[in-house]
Amino acid sequence: MPALSKREQIVTEALKLFYRNGFHATGIDRIISEAKVSKKTLYNHFRSKDELVLATLRKRDELFRNYIMRETELRSRTPRERLLAIFDVIEAWFQESSFSGCMFINASAEFSESDHPCHILCAEHKRLVREYLRDLAVQAEAQAPEELSKQLNLLIEGATVEAHVCGDHDAASPAKRIAEMLLNQAF
C-alpha cells in the first residue's frame with residue numbers, strides 16, 4: 001500500500017480525532033501531533049481549521065456511504081432485500097469499538113447554523129443516504145418509494161441516536177422489525 005500524502009495523513013488523523021472527541025474540543029496542535037506533521041505543513045494544505053473540518057466530513061461521507069452500499073450489497077441480492085440488509089450493516093457499525101454515533105449528526109450539532117458550510121455538508125450527506133434508499137425502493141418497485149425511503153431513513157437515524165446516546169448497540173434490530181412491517185405495506 002502506498003504511503004499517504006501529507007494531506008491525506010492530516011485528514012485521516014483529524015477524522016479519527018474529530019469523530020472520537022468532537023470538532024471544537026479537538027485542537028490543531030493535537031492534530032499536528034497525531035498526524036506527525038508541522039504546523040506549516042498543515043496550513044500549507046488547509047487555510048483554517050474549518051477547511052480541515054470540511055475535508056474530514058467529505059472523507060467521512062465518501063468512506064461511510066461506500067461502506068454502507070458495499071456491505072448492504074454483499075449481504076443481499078435484490079433491492080428489496082437490501083432495504084432490510086442495511087439494518088444489519090448499521091447494527092455491525094454500532095458494534096464497532098470505535099462507534100461514536102453519526103459524525104454528521106455530531107457535526108451539525110456543533111455547527112448548528114443552517115448556512116454554515118459544515119452544516120450544509122452534513123445535510124447533503126443525509127440527502128445522499130436517503131437518495132440511496134429511494135433508489136433501492138424504486139428498483140424494488142415500491143408503491144411510494146419517496147415515502148418509504150423517508151420512513152426507513154428515520155428508522156436508521158433513530159436507531160443511530162439510540163445506539164449512541166443511550167448505549168443500545170442493538171438498536172438496529174427493532175428498527176429492522178419495523179422496517180419489515182413498512183416493506184410489507186409498501187408492496
Side-chain angles (χ1 to χ4, degrees), residues 1-75 86-114 116-132 153 156-172 175:
M1 179 184 279
L4 294 176
S5 70
K6 290 294 183 189
R7 186 181 201 291
E8 277 301 307
Q9 193 175 325
I10 295 165
V11 170
T12 298
E13 290 305 319
L15 194 152
K16 290 178 203 170
L17 292 167
F18 289 149
Y19 184 56
R20 185 173 54 235
N21 304 317
F23 297 91
H24 296 312
T26 302
I28 289 295
D29 290 337
R30 176 83 187 271
I31 295 166
I32 289 167
S33 172
E34 295 290 324
K36 297 176 178 49
V37 297
S38 68
K39 190 174 275 198
K40 182 178 187 229
T41 298
L42 185 136
Y43 284 110
N44 281 341
H45 292 284
F46 304 98
R47 290 177 296 200
S48 66
K49 183 178 177 183
D50 276 355
E51 193 174 289
L52 176 58
V53 169
L54 286 168
T56 62
L57 288 170
R58 284 186 195 100
K59 182 70 172 180
R60 177 66 179 184
D61 171 61
E62 174 191 342
L63 293 171
F64 188 77
R65 284 189 305 109
N66 285 338
Y67 163 78
I68 289 287
M69 289 185 267
R70 180 183 63 249
E71 292 299 314
T72 297
E73 290 175 20
L74 285 173
R75 294 168 190 248
I86 196 166
F87 290 91
D88 298 327
V89 175
I90 65 164
E91 183 169 26
W93 172 47
F94 296 166
Q95 303 296 327
E96 292 175 4
S97 61
S98 63
F99 176 74
S100 291
C102 173
M103 190 170 190
F104 300 95
I105 293 172
N106 299 344
S108 64
E110 288 196 51
F111 301 98
S112 60
E113 302 84 22
S114 62
H116 191 285
C118 293
H119 194 94
I120 292 167
L121 201 148
C122 292
E124 176 67 4
H125 167 79
K126 297 299 183 182
R127 185 192 67 74
L128 291 169
V129 171
R130 278 191 315 274
E131 187 175 284
Y132 173 64
N153 188 65
I156 291 168
E157 294 297 324
T160 303
V161 171
E162 183 74 11
H164 180 59
V165 175
C166 301
D168 181 0
H169 297 284
D170 298 319

Task: E131/R127 salt bridge by N-O under 4.0 Å criterion - done: yes
- [ ] Output every pair passing ring-ring contact (aromatic ring centres under 6.0 Å, His included) with a member in residues 41-61, not counting sequence neighbours, ordered by first then second residue.
- [x] none
- [ ] For the pair F99 and H164, name the ring-plane relationship: parallel under 30°, tilted 30 to 60°, perpendicular over 60°.
- [x] perpendicular
Task: Pairing of E8 and K59 as salt bridge, 4.0 angstrom limit - done: yes
- [ ] Evaluate side chain to side chain contact (heavy atoms under 4.5 Å, CB included) for I31 paired with V37, printing each intermediate quantity in order.
- [x] CA-CA 9 Å; I31 295 166; V37 297; over 6 Å; no
Task: Closest non-hydrogen atom pair, A159 against A171 - done: O-CB, 3.5 Å
- [ ] Would you name the heavy atoms of R65 and H125 that are closest together and state the gap between them?
- [x] CG-CE1, 3.8 Å
Task: Over-ring placement of R60 relative to Y19, 6.0 Å and 45° cut-offs - done: yes
TODO: Rounded to the nearest 0.5 Å, what's the gap from CG on L54 to CD on E51? Could you check?
DONE: 7.5 Å
- [ ] Would you give the length of the straight line joining atom NZ of K126 to atom CG of N153, rounded to the nearest 0.5 angstrom?
- [x] 7.0 Å
Task: Side-chain donor or acceptor of T12 paired with backbone N/O of Q9 under 3.5 Å - done: no
Task: K49 side-chain N/O to T26 backbone N/O, donor-acceptor pair under 3.5 Å - done: yes
Open item on the list: Return the CD1 to OG1 distance between I10 and T41, rounded to the nearest 0.5 Å.
Closed with: 6.5 Å
Task: L128 backbone acceptor or donor facing D61 side chain under 3.5 Å - done: no
- [ ] Please lay out, stage by stage, how K39 and D29 fare under the test side chain to side chain contact (heavy atoms under 4.5 Å, CB included).
- [x] CA-CA 8 Å; K39 190 174 275 198; D29 290 337; 3.5 Å; yes
Task: Test side chain to side chain contact (heavy atoms under 4.5 Å, CB included) applied to L15 and M103, step by step - done: CA-CA 9 Å; L15 194 152; M103 190 170 190; 4.2 Å; yes
Open item on the list: Are Y67 and V89 packed together at the side-chain level, in the sense that at least one heavy-atom pair is separated by less than 4.5 angstrom?
Closed with: yes
Open item on the list: Would you compute the distance between atom CD1 of I86 and atom OH of Y132 and round it to the nearest 0.5 angstrom?
Closed with: 5.5 Å
Task: Exercise: identify the closest heavy-atom pair between R75 and A92 - done: NH2-CB, 3.9 Å
Task: Interatomic distance, L42 atom CG to I32 atom CD1 [nearest 0.5 angstrom] - done: 5.0 Å
- [ ] Decide yes or no on side chain to side chain contact (heavy atoms under 4.5 Å, CB included) for W93 and I68, but give the supporting numbers first.
- [x] CA-CA 9 Å; W93 172 47; I68 289 287; 5.7 Å; no
TODO: To the nearest 0.5 Å, tell me how far L57 CG sits from L52 CG.
DONE: 9.5 Å
Task: Closest approach of G101 to T160 (non-hydrogen atoms, all atoms of both residues) - done: C-CG2, 4.5 Å
Task: Nearest atoms (heavy-atom pairs only) where E113 meets H119 - done: O-CB, 3.3 Å
- [ ] Just do the salt bridge (charged side-chain N to carboxylate O under 4.0 Å, His left out) check on E34 and K16 with the steps written out, would you?
- [x] CA-CA 10 Å; E34 295 290 324; K16 290 178 203 170; over 6 Å; no
TODO: Would you name the heavy atoms of F104 and L121 that are closest together and state the gap between them?
DONE: CE2-CD2, 4.2 Å
Task: salt bridge (charged side-chain N to carboxylate O under 4.0 Å, His left out): pairs with one or both residues in residues 88-103, sequence neighbours excluded - done: D88-K176
TODO: Would you indicate whether the side-chain heavy atoms of D50 and F111 approach each other to under 4.5 Å?
DONE: yes
